[in-house]
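First up is the structure itself, then whatever we jot down about it.
All values below come from the heavy atoms of this structure, side chains included, with hydrogens, waters and symmetry mates left out.
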Amino acid sequence: IKNLNSLISLDIGNNFIGDDGAKYLAEETKNISSIKTLNIGGNNIGGEGEISFIEIIQSNDNISIIGFPHIEKIKALQSGSTELDMKGCFIGVERANYWKLLIKESSLKVLNFEKK
């Protein structure tokens, strides 16, 4: 994959790659600056795998990662959003420390963790 320098969209949704597959995919795609859309939904990816994709969005502002509502919310936080609606998003123990740091470094004023 990393040799596909003109790749603009990759849909690997619903392949159940898990955390190990997610980490591998993130490593293989992180330096492909042409990617605009990456669909990773339905892959049984937990906190460890998700963090690998978070590193991608931190280095590539143009990418949109589909299938992980957490990642788009992180992007909003990093771009200076002062309100964040996490309604229905399960963060879990794996992601809690990462979110704690993220929120601490943000300009967030309103945070909603209400259940759906």
Side-chain angles (χ1 to χ4, degrees):
I1 292 175
K2 64 183 166 188
N3 294 326
L4 299 173
N5 294 324
S6 60
L7 185 67
I8 57 170
S9 181
L10 180 60
D11 184 344
I12 57 148
N14 299 308
N15 283 292
F16 302 99
I17 63 172
D19 278 343
D20 290 337
K23 288 187 258 183
Y24 175 79
L25 181 65
E27 183 64 32
E28 292 295 305
T29 57
K30 73 178 178 184
N31 294 319
I32 303 175
S33 60
S34 61
I35 292 182
K36 303 295 179 228
T37 308
L38 180 58
N39 182 357
I40 56 172
N43 279 302
N44 198 29
I45 299 172
E48 286 182 33
E50 184 177 316
I51 288 171
S52 299
F53 288 104
I54 290 168
E55 292 168 3
I56 289 177
I57 64 166
Q58 290 173 330
S59 63
N60 182 350
D61 290 337
N62 298 319
I63 196 166
S64 176
I65 297 180
I66 301 168
F68 258 116
H70 300 108
I71 290 178
E72 289 304 314
K73 293 180 186 306
I74 289 168
K75 230 175 164 175
L77 262 183
Q78 292 173 332
S79 66
S81 181
T82 59
E83 294 186 24
L84 191 60
D85 186 358
M86 296 294 291
K87 197 180 321 178
C89 289
F90 177 73
I91 290 195
V93 176
E94 294 175 318
R95 299 176 186 103
N97 285 330
Y98 182 80
W99 275 94
K100 179 181 168 186
L101 292 171
L102 204 79
I103 290 169
K104 187 177 179 181
E105 296 172 0
S106 74
S107 53
L108 196 61
K109 298 195 184 322
V110 177
L111 178 61
N112 180 5
F113 269 107
E114 176 186 335
K115 285 186 176 182
K116 277 189 174 178

Task: Side-chain donor or acceptor of D11 paired with backbone N/O of G13 under 3.5 Å - done: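 Answer holds: yes.
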Open item on the list: Checking T37 against I8 for the side-chain contact (heavy atoms from CB on, under 4.5 Å) test, could you report, in this order, the C-alpha distance in whole Å, the side-chain angles of both residues, the deciding distance, and whether it holds?
Closed with: CA-CA 7 Å; T37 308; I8 57 170; over 6 Å; no
Open item on the list: Please enumerate all residues that pass side chain to side chain donor-acceptor pair (under 3.5 Å) together with D19, with sequence neighbours excluded.
Closed with: none
Open item on the list: Please list all pairs meeting side chain to side chain donor-acceptor pair (under 3.5 Å) that have one or both residues in residues 24-33, counting only residues at least two apart or in different chains.
Closed with: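 For residues 24-33, and leaving out neighbouring residues, the side chain to side chain donor-acceptor pair (under 3.5 Å) pairs sorted by first residue read E27-K30.
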Let me confirm one number: the [atom1]-[atom2] distance from [X] to [Y], rounded to the nearest 0.5 Å.
| X | Y | atom1 | atom2 | value |
| --- | --- | --- | --- | --- |
| K109 | T82 | NZ | OG1 | 7.0 Å |
| N15 | L25 | CG | CG | 10.0 Å |
| I35 | N5 | CD1 | CG | 10.0 Å |
| L111 | I103 | CG | CD1 | 5.0 Å |
| L84 | N112 | CG | CG | 9.0 Å |
| I12 | I17 | CD1 | CD1 | 3.5 Å |

Compare every heavy atom of [Y] with every heavy atom of [X], then report the nearest pair and how far apart it is.
| X | Y | result |
| --- | --- | --- |
| S52 | A22 | CB-O, 4.4 Å |
| K23 | G49 | CG-CA, 4.3 Å |
| F53 | L38 | CE2-CD2, 3.5 Å |

Open item on the list: Could you check whether any side-chain heavy atom of I32 comes within less than 4.5 Å of a side-chain heavy atom of L10, counting everything from C-beta outward?
Closed with: no
Task: Criterion side-chain contact (heavy atoms from CB on, under 4.5 Å) against K36, the qualifying member of L7, I63, N62 - done: N62
Open item on the list: Just checking K100: does its NZ atom have more than 12 heavy atoms from other residues, nucleotides or ligands closer to it than 6.0 angstrom?
Closed with: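 Atom NZ in K100 is not crowded, with 12 or fewer foreign heavy atoms closer than 6.0 Å.
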Open item on the list: Under the rule for side-chain contact (heavy atoms from CB on, under 4.5 Å), what residues qualify as partners of S64, not counting sequence neighbours?
Closed with: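 For S64, the residues satisfying side-chain contact (heavy atoms from CB on, under 4.5 Å) (neighbours in sequence not counted) are I66, E72.
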